[in-house]
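Every chain is numbered from 1 and lettered A, B, ... according to where its sequence line falls, protein lines coming before strand lines.
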Number of protein chains: 2
Amino acid sequence: MNREAFSAIVRQSSLFRSINAANFALLMENGILRSVEEEAFFFMQGDPTTHVYVLCRGRTRLLQYTPNGQQIILRLITPGQTFGGIALLQPSSGYPVTAQAIEDSIAMGWEARFLQKLAEKEPSISLNILQLMHHYVLELQERQRALIAERVEQRIARILLKLAAQFGQKTDQGILINFPLTRQAIAEMCGTTLFTVSRTLNEWERKGLLDIGREKVVILQPHGLVEIAEGIN
Amino acid sequence: MNREAFSAIVRQSSLFRSINAANFALLMENGILRSVEEEAFFFMQGDPTTHVYVLCRGRTRLLQYTPNGQQIILRLITPGQTFGGIALLQPSSGYPVTAQAIEDSIAMGWEARFLQKLAEKEPSISLNILQLMHHYVLELQERQRALIAERVEQRIARILLKLAAQFGQKTDQGILINFPLTRQAIAEMCGTTLFTVSRTLNEWERKGLLDIGREKVVILQPHGLVEIAEGIN
DNA sequence: AAAAGTCTTTGCGCTTGCGCAATGTAGATG
DNA sequence: CATCTACATTGCGCAAGCGCAAAGACTTTT
């Protein structure tokens, strides 16, 4: 467990990048490390909001369950990103989402009370949280717009482009989405079924836009996807 | 222009209800009143974020436009509610929504800079903003869930129940939604078309759940709507 | 009272994309 | 290597709900 390396990640995280050295030292003293295995949970929807986390290693996803058991993937967390920030709110009614590790993950976490006190000394923390929530609001509004106004095709294209931006790896053929990505997972990100995703991706492969495989997507013609996402047909 | 009455509304608004008397006085000195006629705008999506508002009179809606001109009604603002709070964020990239008066409206507004300074003296303002954004996030997540997992019928039922909670007026027959509500508006709140809304409402009237008219909805059997919203069919 | 404007209803056709079942395939496991 | 398991494809049928056009009803204006 390389606490040094993790410390560097926390130092640059969007939540704490602007705090001073003394407070950062405090942060390191009071943070706990949590290791969570693939498929296991940091917390589940409804759990009491005890901790705020910064992911240090691995990949984690935030998701919601619908009453009928369907999952909605809200966002993917990579090292340096914050999750559970909602815990900072005073009267908090439980985490609004579930945080599940996609691969073995390690996060540093702080008790909400500790951070609340720290935030009094270091107001930038509150501001950063506000900033994070703002981004999240914009993301949700955008998704809602897409759900209402766009067809499944467009939404799938959008998700692929977004994943490419977040996890893309340039290869000589195109952009490999460096991420174990099942059809099911794609479907859960854009509100459709794995069947529709499968059909759509295969059609795009036939057109030469993609190169797909088991849990693999390579974008060959990003521009083509952009056109689909924008509804230019 | 009854500044006194407005002052009382601001005093109780979710944004400022917890600030001290001195700061409240400052607030009143520095606030401006903006009157906006029916259909006119407080601000539009993309406008620079200059002011934060608390609505004092009338009704206003927050909406988004899709690229193809479709509207999405995000939320209805009633007196005492805050809008444009996003302006408090430091590097802000324009209002993410449009604020349009549904009826002649008056709001008190403050320059973002002024409020930012006030927030340094009165941290509860930041906390309240955080709280507001949190509510908004929960609302958006809920809407997204509904859009993905529920059928139009359920979403319409949900919207009616929500409107009833916000604007409902008990009459001897049932709950009147005291609000000029076109089919088009309902459609824009739940991501469908006015045709589908019209058909659905008429079906429900036939079943005795509603009493509908031009821009009027009276809920006769709230429980029936709840059952539909919950998908108990 | 007529005309104009807005909101609403309704019929019809049709596309989208879901649901399910059966089958195929790649990688992991023993 | 055989087996198992998870993931992926594909065909078929179907329901939901959109889109449009036309007509009707209620308001407001002149």
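Note: CG (B/Leu201) to P (C/dT8) measures 9 Å, nearest angstrom. The separation between B/Gln184 atom CD and C/dG5 atom C1' is 16 Å, rounded to whole Å. Taking atom CZ on A/Arg183 and atom C1' on C/dA26, their separation rounds to 12 Å, with Å as the unit. If you take CD of A/Glu205 and C1' of C/dT25, they are 14 Å apart, rounded to a whole angstrom.
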Pick out the pairs of N or O atoms, protein on one side and nucleotides 12-15 of chain C on the other, that lie under 3.5 Å.
none

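A salt bridge is absent between A/Glu203 and A/Arg206; no separation between the charged side-chain nitrogens and carboxylate oxygens falls under 4.0 Å. Between B/Arg59 and B/Glu103 a salt bridge is recorded (basic side-chain N to carboxylate O distance below 4.0 Å).
Remark: the B/Tyr136 side chain and the A/Gln141 side chain contain an N/O donor-acceptor pair separated by less than 3.5 Å.
Looking only at side-chain heavy atoms (C-beta outward), A/Leu209 and A/Leu220 stay at 4.5 Å or farther from each other. Between A/Thr60 and A/Phe42 there is a side-chain heavy-atom pair separated by less than 4.5 Å. Within the 4.5 Å cutoff, no side-chain heavy atoms of A/Thr82 are placed close to those of A/Phe16. Side-chain contact between A/His51 and A/Glu111 is present, with at least one heavy-atom pair separated by less than 4.5 Å.
Within 6.0 Å of the CZ atom in B/Arg57, the count of heavy atoms belonging to other residues, nucleotides or ligands does not exceed 12. A/Gln166 CD: more than 12 foreign heavy atoms inside a 6.0 Å radius.
Direction of the helix axis in the helix from C/dA1-D/dT30 to C/dG30-D/dC1 shifts by 30° between the two five-pair termini, rounded to 10°.
Between B/Thr182 and A/Arg155, it is B/Thr182 whose nearest contact on DNA chain C lies nearer the 5' terminus.
Of the possible polar contacts, one joining the A/Thr66 side chain to the A/Gln70 backbone as a donor-acceptor pair under 3.5 Å is found. Proximity of a side-chain donor or acceptor of A/Arg155 to a complementary backbone N or O of A/Met189 within less than 3.5 Å is not detected.
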Name every donor-acceptor pair, under 3.5 Å, that has one atom in a side chain of residues 211-218 of chain B and the other anywhere in the protein, sequence neighbours excluded.
none

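Sorted by residue number, the members of residues 207-217 of chain A with any non-hydrogen atom under 4.0 Å from DNA chain D read A/Ile212, A/Arg214, A/Glu215.
With a heavy-atom cut-off of 4.0 Å to chain B, the contacted part of DNA chain D has its first and last nucleotide at D/dG17 to D/dC26.
A search for side chain to side chain donor-acceptor pair (under 3.5 Å) contacts involving A/Tyr95 returns nothing, not counting sequence neighbours.
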